[in-house]
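Let me begin by presenting the structure, written as structure tokens, before commenting on it.
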Amino acid sequence: MLGDRLQKYEGIAAVTGRLQYVDDIMLPGMLTMKGLHSTEAHARIRAIHMEEALAMPGVACILTWKDLHQNRWGYCGESYVLAEDCVQYVGQPILVVAAVDEDTALDAIERIRVDYEPLPAVFNPYEAMKDEVKATDKPSNWFKFFGTDDVRKIRRGDIEEAFDQSKWVFEDEFISQFQAHVSLETHVAVSTFDETGTLLVYSCAQGIDWVHSTLSQTLGLPMEAVRVRGGLLGGGFGGKADAGPEVLAALATLRTGKPCKWRWSMHEELRMPVKRGAFNLICKTGVSENGKILARHIRTNQDCGAYCYRGNKSIDRHGCAATGPYYIPTYWYDGRVIHTNKVPAAALRGFAVPPGSLASEVSMDRVARRIGIDPLKFRMENALRDGDPNANGQAMYGTGIMACLEALQPYWEEPYERNPGPHLFRGRGLGTALMPNGLTGGGSPITGDVKLMLNGLVSISMGLTEMGQGLKTVMRQLAAEVLALPEDRITVLNADTSAVPAAASPGASQATYINGNALLPALQQVREMLIRHGAEHFQVPEDKIILADGVISVSGEDRSISYAALAGLLAGQGITLMATSSYKSAYKKLDENGLGEPYEVYAYAACMCQVLIDEETGQMTVERIISAVDCGKAYNPMMVEGQIEGGAIMNMGMATMESVYPGYPERHHMVDNLNEYAVPTTMDAPDVESIIIEVPCPTGPMGAKGPSEVASAMIAPAVANAVGDAIGIYPTKTPITAEDVYWLLQKRGAEDKE
Amino acid sequence: MKTWIHFTLNGSPVSIETDNDRTLLKLLREDLHITSLKNSCNVGECGACTILLDGEAVRSCLLLAVMVDGKRVDTLESLGSPVNMHPIQKAYLEVGAVQCGFCTPGMILATKALLDKNPNPTREEARLALSGNLCRCTGYKKILDAVLLAAKWMRGED
Ligand code: FES
Ligand code: FES
């Protein structure tokens with residue numbers, strides 16, 4: 001039932017090692033694939049010498065872009081499956097080899113020689129903005145949205161006038177890094193033929209329907225000639241939103257007639273698309289005499305690497321969320337995307353929101369301290385309330401930010417020792433986030449099917465993919481609640497393009513919200529059918545019928561019939577209890593001023609972090625994270641906590657250690673493997689204290705919305721603010737490493753002397 | 001170069017001829033089809049490939065298969081099946097310590113190695129024992145909860 005701490009649907013299989021991930025599929029005669037990746041950041045490919053590799057025994061085929069029906073793909077049409085005559089980032093795949101085993105494939109790769117003619121490359125986004133050195137073959141490094149336009153804008157109110165009226169105006173510049181998902185399961189695909197002879201691809205993508213259409217386009221096959229199965233991911237976090245190895249695995253199978261597997265090593269995974277791109281943003285805020293924010297202007301340049309995967313989607317989302325969960329009467333936004341010779345960027349948990357939260361929240365703290373208001377009070381003063389407009393002028397409802405901030409108050413007010421030892425300084429910081437749920441433009445419609453089977457089980461099928469977050473589990477809970485039967489009698493079909501309804505990717509925190517909204521009407525229809533047919537069966541009015549525990553009974557009498565028995569009786573009359581329904585979220589297209597209703601619903605969260613800093617070394621320990629997250633309605637509090645805790649630690653990684661290009665934006669050095677790309681371990685992660693806030697979401701299924709990304713996006717700024725509190729100087733870039741803290745301390749020392 | 005090796009795998013004897021440079025991870029997954037252990041980083045950083053070697057939690061991607069000759073290797077399959085779960089497995093389920101599940105086999109084996117040696121660990125001892133096992137989904141809190149709950153159950157306390 002809703003609200004229970006129900007165990008994970010696939011849990012028993014998981015803890016006994018019986019879950020079969022894509023890499024665990026081993027088929028007889030299966031070929032192993034390996035990619036050859038560019039070692040150059042920008043170069044023309046003069047020639048590829050692969051004669052020796054082709055002649056090797058055990059090499060089944062070598063595929064280049066010429067073998068594809070269509071090589072360009074993706075939302076912006078910018079991405080290449082394989083490089084053509086140019087490479088534009090280190091790691092870009094150029095060709096793949098399929099061979100009898102891994103050693104042979106690696107051997108073949110080693111014998112292939114690529115003849116590069118190096119071209120000037122640009123890594124630093126500030127250099128790229130000058131547009132002198134071109135990162136790609138396009139005329140400008142600035143990405144063009146819809147033709148010629150290279151900026152996405154929001155213009156709400158007269159910004160100059162609002163800054164003039166402000167008592168204080170603050171301006172700060174922030175920069176974030178390239179962050180990798182590091183799903184422990186790297187990208188992997190297996191392709192073969194199914195029992196009907198149809199090409200079958202096992203995928204670990206978040207949205208197998210996107211993979212399905214990409215396969216059809218790039219291979220030039222009708223949709224019915226390809227089947228994709230998935231639904232078991234060893235982590236996604238946005239990195240598996242689109243097709244990865246599927247296309248070439250499928251092509252290798254078509255070429256050789258054999259099952260093929262392409263798994264990326266962690267080294268390759270870190271170098272291959274996509275990552276969260278870096279953001280450089282300038283945040284200018286005007287505040288009135290009495291501590292009310294009057295205006296904000298955000299100017300953002302997103303470094304998206306060589307190709308833009310998501311175009312306006314990420315930059316619009318960023319502009320919408322960079323207000324933070326505050327009422328800001330006048331808001332301007334200018335968002336641009338810049339190309340550099342780095343790995344292409346797209347979504348990572350929270351998409352483009354965390355860098356916006358970083359700027360917004362660190363600004364909030366600096367402003368509050370400079371004008372002498374308590375940072376929590378300053379946030380409460382300016383928090384969004386029902387009916388207030390957001391960045392795009394959309395009226396907000398179900399605004400839980402105030403409840404989140406209030407929940408933090410007792411923790412914020414707890415006394416703590418600021419200087420617990422020699423050289424040790426402790427600080428506390430707040431962070432908040434506002435997170436649009438769902439995709440811009442409403443996303444594609446999603447369908448849910450519900451059917452009572454003769455054995456008394458209810459089968460639900462849904463398009464959105466389970467990605468480890470527990471979507472199937474919470475959908476069972478929703479079905480159990482509506483249909484009044486135990487969860488173990490509900491089975492969930494998911495992620496098979498030949499069997500379940502199509503849907504987009506479970507990105508953008510939309511899974512519970514959209515899938516729930518898609519399923520709920522069908523569940524309610526089946527419930528009504530149970531009542532109606534139950535009433536007919538017992539010859540009583542419908543209001544006498546009680547549904548409980550999979551049994552229909554008559555109120556006040558001891559007559560009853562199980563769902564299974566009723567289904568059997570009805571089947572004899574040719575009736576099946578089933579229903580289908582679908583959902584597409586509403587939106588109002590943005591006008592030329594960026595005003596409209598870009599997303600249907602927004603989630604809110606606030607947190608407090610406490611850090612301890614060793615002044616001698618700059619070493620930082622995150623000691624506490626307390627997160628208050630408004631998820632509308634927690635179907636499964638245990639899983640919501642899981643999202644809050646996991647999201648917090650992932651973003652703490654962004655705050656303190658993770659970077660694909662350490663030294664960004666200065667140096668070009670790319671991490672090799674997890675030995676260089678550090679992610680938080682048990683020793684780094686504090687025990688996150690979660691507080692679940694339930695402010696019902698008016699349009700949510702039973703009031704729910706998605707908690708996962710919003711819980712993540714607020715942590716980095718809270719860590720930065722805690723550092724600022726501890727040492728009196730605020731970091732404005734992520735990650736904040738010990739070295740950065742050390743230099744901040746030196747800078748403070750220098751300022752003190754002045 | 002190939003060598004014949006003989007070892008005990010989950011209680012049963014195994015004899016197999018293997019390349020001298022083959023890692024234990026590959027031998028177990030690809031030759032013996034034990035897929036509960038996972039390949040992730042393949043360089044000893046993540047712990048997804050953890051196995052028990054004579055009861056010690058070790059990373060199979062860093063070991064050559066020939067090094068286990070004459071030893072006892074246990075994988076998650078040795079603990080319990082869906083009809084007969086080990087208390088550690090039950091504890092992971094009970095507290096919600098499993099999200100995507102990819103780190104879970106390694107985590108459970110690292111937990112087993114810890115609890116066999118130290119039936120009553122503190123939270124900090126558990127933290128240290130699992131510090132070589134990455135989890136990207138859970139943030140570790142519920143995993144540590146599971147370790148302590150399993151310890152309690154295994155000591156016979158409720
Ligand atoms: S795969 Fe062995 S430690 Fe990562
Ligand atoms: S549950 Fe996904 S990595 Fe741990």
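Because only heavy atoms are used, hydrogens play no part in the values below, and waters and symmetry mates are left out as well, while side chains stay in. Here is how names work: the chains are called A, B, and so on, in the same order as the sequence lines, proteins then strands, and each is numbered from 1. Given the structure is predicted, the values throughout are model-derived calculations rather than measurements.
- Contacts of A:Ala685 with chain B are made by both backbone and side-chain atoms, with heavy-atom separations under 4.5 Å.
- Using a 4.0 Å cut-off between charged nitrogen and carboxylate oxygen, B:Lys38 and A:Glu185 do not count as a salt-bridge pair.
- Annotation: side chain of A:Glu645 is not in contact with side chain of B:Thr138 (no heavy-atom distance under 4.5 Å).
- Pairs passing the ring-ring contact (aromatic ring centres under 6.0 Å, His included) check and including a residue from residues 5-64 of chain B, sequence neighbours excluded, do not occur.
- When heavy atoms are compared at a cutoff of 4.5 Å, A:Met26 approaches chain B solely by way of its side chain, counted from C-beta outward.
- Contact annotation for A:Glu269: neither backbone nor side-chain heavy atoms come within less than 4.5 Å of a heavy atom of chain B.
- Proximity to chain B (any heavy atom under 4.5 Å) is restricted, for A:Asn673, to the side chain, taken from C-beta onward.
- Of the charged side-chain nitrogens involved, none lies within less than 4.0 Å of a carboxylate oxygen, so that A:Asp684 and B:Arg127 do not count as a salt-bridged pair.
- Applying the salt bridge (charged side-chain N to carboxylate O under 4.0 Å, His left out) rule to pairs touching residues 14-23 of chain A yields A:Asp23-A:Lys261, A:Asp23-A:Arg263, A:Asp23-B:Arg29, sequence neighbours excluded.
- At a threshold of 4.0 Å, the pair B:Lys141-A:Glu689 does not count as salt-bridged, since none of the basic side-chain nitrogens sits closer than that to a carboxylate oxygen.
- For chain B, the nearby part of A:His181 is the backbone; its heavy atoms alone come within less than 4.5 Å.
- Within the 4.5 Å cutoff, the side chain of B:Ser81 has no heavy atoms near those of the A:Thr16 side chain.
- The parts of A:Val182 that come within reach of chain B are both its backbone and its side chain, each placing non-hydrogen atoms under 4.5 angstrom from that chain.
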